[in-house]
Amino acid sequence: MTQKGLSDFFSKYMGTSSVFKNKAVLQSAHTPDTILHRDKEITAIASILAPSLRLDKPSNIFIYGKAGCGKTLSARHVTKEIEKHAVNNNINLRVLYINCKLKKIADTEYRLIAQLSREYGKAIPPTGLPTDEVYKTFHNAVDSSKGINIIILDEVDELVKKVGDEILYNLTRINDELKNSKISLIGISNDMVFLEALDPRVRSSLSEEEIMFAPYNALQLQDILIQRAKEAFKEGSIQAGVIEKCAAYAAREHGDARRCMELLRVAGEIAERNNFDKVAIEHIDSADEKIERDRLMVILTTQPKQSQATLYSIVSISIGNKGNIFTGDVYELYKGICTRIGLRPLTQRRVSDIIAELDMLGIINVKVISKGRYGRTREISLSVPGTATPRIKRILEDALSL
DNA sequence: GTCAATTCACATGAAAGAGACCACGGTCTAGTG
DNA sequence: CTAGACCGTGGTCTCTTTCATGTGAATTGACGA
């Protein structure tokens, strides 16, 4: 594009009307004023937390349910309201929200406690201090707050998976040592079976109350979408049937409202970019494709070299043969690739873990099978359609500069 | 033919090491009055 | 005398290796019908 062309482009862009009124409404960070189809759950959380307004320690709550079914939203909504009430009535109540999945912020014991302490205004260095020192700081900070402290641990399962359940035990036990304050925990997890894997002592104290969030069905998703779309889009900029299709797509994927809204947002962006004044049904299809493509691209390019090399060898083998792929084959080829690009090959033990990680990311499918006399191994298959494999291979070749 | 033992090729767990990053306190050094 | 540079120690964190143990069905081989 020439510079003149660029200027034309921008003025034309300014001239075209957007289909959006307020795109932020469709972003996952947005909190709507009213939460649809979660009345029962919200009331349940509220009634459990209510004693805190009388300075009694409310029970710990464990909330679980699939992704994008309103767990975090509901918990934050209730705690925000309760905080408001506390302020109005001069009650010393504090709500801390921590997302345990956030890398470099709260994904280890040290970081979580440090982050919590920071919420109380204590400066904690990112590393270098002994963990019990940080615990002490946190303990003092909480105790001097003299009130009820509700700590929301979002995606606790991720934390526990990484560092074990000891941290939860420590947190629940802190109450015994606090003189002036009390801590209540709200654990939020996507993982349904997470609780069963916990130490029984931790389990019983963390889940004094349990609340299950069922996934939204297609109709509920429609309601939610209509509510958001009203705010997000200009009137009349959505074709009939778009919302329904969007909801149906997401309902198929475990009723994930977050994904549903992303779908609608991206569809809107696609419509806009192609100078449509309405979001049409076919834009949903393109959006679905684009989201999937982008997700894959991000995963592929952000993986460490070792994972990329492992995946590359899996992809290479899968292109050649239609049969099954086993760990041993992958490792052999992987070693070859490593020497070719000057990478120090890892041990098979580690590569085995990397394969499991790739499975978790959803790029490959892995099944542990026993071939009888011929040993036990992982049967690996790509979980992306065969038509996409050459593209993946090219991306990885680029990334590895092969 | 039947049944238990064996065997393979990894899976899976636990522990520990390497190297990067960081805080903190003590020591050294150069600049200043 | 003092501020800043520079070390050594001790801590976390991530990625990895090493060592050890587990696993499930095909295969094998002894046994009896």
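Only heavy atoms go into these numbers, but all of them, side chains included; no hydrogens, no water, no symmetry mates.
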Requested in this report: Could you encode protein contacts along nucleotides 16-23 of chain C as a string, one character per nucleotide from 5' to 3', using B for base contact, S for sugar-phosphate-only contact and - for no contact, with a heavy-atom cut-off of under 4.0 Å?
Outcome: SBB---BB
Query raised in the report: Near A/K230 NZ, under 6.0 Å, is it more than 12 heavy atoms from other residues, nucleotides or ligands?
Result: no
Requested in this report: Mark yes when over 12 heavy atoms from residues, nucleotides or ligands other than A/E177 sit less than 6.0 Å from its CD; otherwise mark no.
Outcome: yes
Report summary line: Whole-Å distance, A/L112 CG to C/dC13 P, equals 11 Å
Requested in this report: Mind jotting down which residue pairs meet the salt bridge (charged side-chain N to carboxylate O under 4.0 Å, His left out) criterion with at least one end in residues 75-102 of chain A? Sequence neighbours excluded, please.
Outcome: A/E81-A/K84
Query raised in the report: Quick one: does A/D157's side chain have a donor or acceptor within less than 3.5 Å of a partner on A/S189's backbone?
Result: no
Query raised in the report: A/E332 side chain to A/D329 main-chain N or O, any donor-acceptor pair under 3.5 Å?
Result: no
Requested in this report: Compute both the distance and the angle, then confirm whether A/R38 meets the cation-pi test with A/Y216: under 6.0 Å from the six-membered ring centre, within 45 degrees of the axis.
Outcome: yes
Query raised in the report: Does NZ or CZ of A/K23 fall inside the cone over A/F233's six-membered ring, less than 6.0 Å from its centre and within 45° of the axis?
Result: no
Query raised in the report: Are OP1 or OP2 of C/dT27 and a side-chain N or O of A/Y374 less than 4.0 angstrom apart?
Result: yes
Requested in this report: Indicate whether the side chain of A/E158 and that of A/N190 have a donor and an acceptor atom separated by less than 3.5 Å.
Outcome: no
Report task. Heavy atoms of chain A, cut-off under 4.0 Å: which first and last nucleotide of DNA chain B, 5' to 3', fall inside that, if you could look? Result -> B/dT7 to B/dA23
Query raised in the report: For A/D107 and A/G375, take the nucleotide of DNA chain C holding the closest heavy atom to each; which residue's nucleotide lies nearer the 5' end?
Result: A/D107
